[in-house]
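Accompanying notes for the structure given below.
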Amino acid sequence: QVQLVESGGGLVQAGGSLRLSCVASGRTFSSNAMGWFRQAPGKEREFVAAISWSAHGTLYVDSVKGRFTISRDNSKNTVFLQMNSLKPEDTAVYYCAASKILTTEPGDFGSWGQGTQVTVSS
């Protein structure tokens with residue numbers, strides 16, 4: 001399994017930006033698709049974005065299209081989530097995860113990070 005550690009969360013005002021990072025351990029990072037999910041209090045975990053191992057393919061939930069960008073640097077075993085024009089409804093714990101395929105399904109992701117809190121104030 002790949003071990004994942006997220007960072008970059010914090011408190012930001014509505015309209016602001018944050019960049020999340022997720023560093024992976026292990027030599028299989030470059031062969032894995034990577035995803036970001038989020039979970040708000042009292043809600044189920046929600047898919048946010050995913051990127052293929054080559055970075056040629058990306059997927060986004062409709063609510064973040066045009067605002068969030070997922071990217072990766074395989075030389076640094078790192079995946080990023082650039083979040084712009086943040087809204088209070090983006091407040092959640094954000095998790096990165098690794099999968100063998102490019103997918104939106106949480107069950108297809110075999111490794112998960114511990115999460116990083118993002119809070120957007122109005």
Distance (rounded to the nearest 0.5 Å) between Q82 CD and S17 OG: 6.0 Å
- request: Group every Ile, Leu, Val, Met, Phe, Trp and Tyr by side-chain heavy-atom contacts under 4.5 Å, then state whether W53 and Y60 land in the same group.
  value: no
task: Test D62 against K65 for salt bridge (Lys or Arg N to Asp or Glu O under 4.0 Å), laying out the working first.
output: CA-CA 5 Å; D62 285 348; K65 285 180 180 177; 3.0 Å; yes
message: Quick check for you: to the nearest 0.5 Å, what is the distance between M34 atom CE and N74 atom CG?
response: 9.5 Å
- prompt: So F68 and Y94, would you call those rings parallel, tilted or perpendicular, with 30° and 60° as cut-offs?
  reply: tilted
query: What pair of heavy atoms forms the shortest contact from V93 to G115, and how long is it?
result: CG1-CA, 3.8 Å
message: Does the Lys NZ or Arg CZ of R38 fall within the cation-pi geometry relative to Y95 - under 6.0 Å from the ring centre and within 45° of the axis?
response: no
field: Considering all heavy atoms, the nearest L20-V118 contact
entry: CD2-CG2, 4.0 Å
Spatial distance of atom OG (S121) from atom CG (L86) [nearest 0.5 Å]: 10.0 Å
- request: Among V12, V48, L18, find the one that has a side chain to side chain contact (heavy atoms under 4.5 Å, CB included) with M83.
  value: L18
- line: Separation between OG (S111) and CG (N32), nearest 0.5 Å, reads 7.0 Å
statement: All heavy atoms of P88 vs all of S122, minimum pair found to be CG-CB, 3.9 Å
message: Could you report the tightest heavy-atom contact between L4 and A24, atom names first, then the distance?
response: CD2-CB, 3.5 Å
field: Side chains of S99 and D108, donor plus acceptor under 3.5 Å
entry: no
- prompt: What closest approach, in Å, do T78 and S21 show between heavy atoms, and which atom pair accounts for it?
  reply: CG2-CB, 4.3 Å
query: Does the cation-pi check pass for R72 over F80, that is, NZ or CZ under 6.0 Å from the six-membered ring centre and within 45° of its axis?
result: no
- prompt: Could you walk me through whether S63 and E46 pass the side-chain contact (heavy atoms from CB on, under 4.5 Å) check?
  reply: CA-CA 11 Å; S63 59; E46 174 191 33; 4.3 Å; yes
statement: Of D73, N77, V23, the one forming a side chain to side chain contact (heavy atoms under 4.5 Å, CB included) with F29 is N77
statement: Heavy atoms of T58 and L102 approach each other most closely as N-CD2, 4.3 Å
message: Rounded to the nearest 0.5 Å, what separates atom SG in C22 from atom CD in E6?
response: 5.0 Å
- prompt: Would a line drawn from the ring center of F109 to the ring center of F37 be shorter than 6.0 Å?
  reply: yes
query: So, T28 side chain and S31 main chain: donor-acceptor pair closer than 3.5 Å or not?
result: no
task: Report yes if the side chains of T103 and F47 come closer than 4.5 Å at any heavy-atom pair, otherwise no.
output: no
- request: Without swapping roles, check the side chain of T119 against the backbone of L11 for a donor-acceptor pair under 3.5 Å.
  value: no
task: I would like to know whether L81 and T69 meet side-chain contact (heavy atoms from CB on, under 4.5 Å); could you show each step before the answer?
output: CA-CA 6 Å; L81 186 67; T69 302; over 6 Å; no
field: Nearest-0.5 Å distance that lies between atom CD in Q114 and atom CD in Q3
entry: 11.0 Å
query: Does T91 use its side chain to pair, donor to acceptor, with the backbone of V120 at less than 3.5 Å?
result: yes
